[in-house]
Novice: 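Please see the structure below; I have some questions.
Whatever order the structure lists ligands and atoms in, that order sets their numbers, starting from 1. Atom set for the values below is all heavy atoms of this structure, side chains included, hydrogens, waters and symmetry mates excluded. Numbers here are sequence positions counted from 1.
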Amino acid sequence: MRSEVGIMSRRGFIVAGATAGTASAAALLLPGRTSGLAALGRIDGVADVRLKPAPAAAPLMGSGKPDVQVWAYNGQVPGPEIRVRQGDRLRVVVDNGLDEETTIHWHGVRVPNAMDGVPHLTQDPIRPGGKFTYEFVLKDAGTYWYHPHHRSFEQVGRGLYAPLIVEEHQPIQVDRDVTWVLDDWRMDSSGQISGGFGSRHDATMAGRVGNTVTVNGRPPQPLAVQSGERIRLRLINAANARIFGLNFGGHRPQIIAIDGQPVRPHEPNGPVVIGPAMRVDLILDAMGSPGNRVEITDDFYTGGLEYVLTDIVYSDVPLRKAPLSTPIQLPPNPLPKPQLRGAPRHELIFAGGMMGMMGGGGMMRGGMMGGGIMGGGGMMGWTVNGVSANGHDHEPMLTIQRGRTAVMNLRNETAWWHPIHVHGHSFRVISRNGKPTQHKEWQDTVLMPPQESAEIAFVADNPGDWMIHCHILEHQAAGMTAAFRVT
Ligand code: C2O
Ligand code: CU
């Protein structure tokens, strides 16, 4: 079980972390329930949270096994699940207990630039022992998460990440609201996290894919259900590099949101594919028979790498005979609609990586492979429009006028998958490989298969300098990152 974190809002609730297979605190949060904590003198509409990133020990391998040395928010992996309601103001005081600098990035949340947590670009990094206060209003409902943006390939890789759930004013009706934060660790033979973060091998290939998958920081536990139950399953991929492709046996889950943003409910066309940093909200109507057991499998990586993530286990007592017939379409978020006509188009070409040198390009020649990303120059591996950027503080690659629609054609010219993330905005995926998408999904991270392209569009309504980068954290560190400016 994850421990509780005391988060109070005008609704005066205390939020508990969700655990695999058990209900989250959502049931406590339905409108109209209050518990009188307002008497504590909290300011209306503000949720106050204290987060302390620091070394800790966590039972990643299960309660029977020795604890694992991790870096964690408030001593737990994942860190505390922050649950607020759309329109709330969130205030978070970060108290850095690490031996190195850090920041927090509110992944997918449309925050003001100064709250985006990008070291050197939007704030000074928080020194060891230092404090920083983040404060912003949650404009959009949905499933988000937070993590450091400083040396994230190691800080996230050691356990610094947590869910941020923004509830709708009018939530859809479900029996349970369950958060699953998926992660993937590279453990060594002693049962501890192996070192070598940011190795050249990982950086130039698939990233640091591990050997141990956890759900909510534990070995995956079966999802206990009752026949007829409707579950909203919020999946968050917090892994540095692993992509998940989940199958739910005979179940027919409906995707209702991607990266927090509502989408017309639809069945996935194959497995539910979740790239690093992405979120998918599913409606799972558990319509198996009482006493049944159904496997949830992950077959994203094939050729013997498929595995059973966990089971859906039905109790003997059914809840109801037919699935709920109430609507599962989420209310839209207040996103400005891109106007495609006449919008400037920007080409972003992602290149490099291990096979990138086969083409005879100069990228890997002339010593650019030397040093490794931890070394002085750090320039190797990946490029955006021919530039392999180092760190966060670099000149914007393009400037967009505030309020204008920007169309970006992202082209993956590598032999690898890349989840490309845009800060400060949600975008619509309007086409893939030149073909219009069916759902015009709003996302903040688009997973790009090798040699494919995707066109995204958004209204640049959030002024400031913003990152666009690959969320395979080793790729980001090795140059697959750029900045754009909204003026
Ligand atoms: Cu989730 Cu730029 O990061
Ligand atoms: Cu990448």
Side-chain angles (χ1 to χ4, degrees), residues 78-79 102-111 113 115-123 125 143-153 155-157 160-164 181 183 198 202-209 236-243 259-260 274-279 348-356 373 380-384 388-389 391-394 410-427 443-452 454 464-484:
T102 193
T103 63
I104 296 185
H105 171 60
W106 309 92
H107 185 113
V109 182
R110 298 187 295 140
V111 296
N113 192 256
M115 298 290 113
D116 200 41
V118 180
H120 308 293
L121 191 72
T122 68
Q123 70 170 95
T143 303
Y144 303 94
W145 66 299
Y146 59 92
H147 64 78
H149 219 287
H150 182 74
R151 296 186 70 256
S152 55
F153 59 90
Q155 293 193 4
V156 176
L160 290 168
Y161 59 79
L164 168 56
V181 188
D183 196 8
D202 290 337
T204 56
M205 299 209 260
R208 183 178 162 107
V209 176
I236 302 172
N237 183 354
N240 281 31
R242 178 182 287 273
I243 302 166
D259 291 350
I274 316 166
M278 293 184 63
R279 289 86 63 213
L348 270 81
I349 298 173
F350 298 87
M354 222 25 165
M355 311 301 280
I373 62 176
M380 60 174 269
W382 305 97
T383 58
V384 184
S388 187
H392 292 93
D393 185 17
H394 31 80
L410 313 178
R411 278 168 48 196
N412 177 0
E413 296 196 344
T414 79
W416 306 91
W417 291 72
H418 304 286
I420 303 297
H421 172 47
V422 175
H423 282 218
H425 303 79
S426 284
F427 53 75
Q443 297 181 203
D444 57 58
T445 306
V446 58
L447 183 60
M448 311 267 304
Q451 302 294 329
E452 294 203 0
D465 285 356
W466 303 101
M467 311 287 306
I468 174 167
H469 65 86
C470 180
H471 220 288
I472 289 180
L473 299 172
E474 295 74 25
H475 292 180
Q476 179 197 345
M480 197 173 263
T481 181
F484 64 97

Novice: Is it true that H149 and H469 share a donor-acceptor pair across their side chains at a distance under 3.5 Å?
Specialist: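 Distance-only check passes for H469 and H149.
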
Novice: Output yes if C470 passes the N/O/S-under-2.8 Å test against the Cu ion (ligand 2); output no otherwise.
Specialist: yes

Novice: Quick one: does any side-chain atom of W145 pair with a main-chain N or O of A277 as donor and acceptor, under 3.5 Å?
Specialist: yes

Novice: Using the side chain to side chain donor-acceptor pair (under 3.5 Å) definition, which of the options N237, D444, T143 pairs with R279?
Specialist: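 Result: among N237, D444, T143, D444 is the only option passing the side chain to side chain donor-acceptor pair (under 3.5 Å) with R279.
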
Novice: Would you check, one step at a time, whether the test ring-ring contact (aromatic ring centres under 6.0 Å, His included) holds for H150 with H105?
Specialist: CA-CA 9 Å; H150 182 74; H105 171 60; over 10 Å; no

Novice: Name whichever N, O or S atom of H418 ends up nearest to the Cu ion (ligand 2).
Specialist: ND1

Novice: Excluding waters, which protein N, O or S atoms are within less than 2.8 Å of atom 2 (Cu) of ligand 1?
Specialist: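 For atom 2 (Cu) of ligand 1, the protein N, O and S atoms that sit under 2.8 Å away are H149 NE2, H423 NE2, H469 NE2.
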
Novice: Please name all residues satisfying side-chain hydrogen bond (donor to acceptor under 3.5 Å, both in side chains) with Q443, sequence neighbours left out, ordered by chain then number.
Specialist: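 None.
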
Novice: Listed by chain and number, what are the side-chain hydrogen bond (donor to acceptor under 3.5 Å, both in side chains) partners of N412, not counting sequence neighbours?
Specialist: T414

Novice: Please name the atom of H475, restricted to N, O or S, that is closest to the Cu ion (ligand 2).
Specialist: ND1

Novice: Under the rule for side-chain hydrogen bond (donor to acceptor under 3.5 Å, both in side chains), what residues qualify as partners of R208, not counting sequence neighbours?
Specialist: none

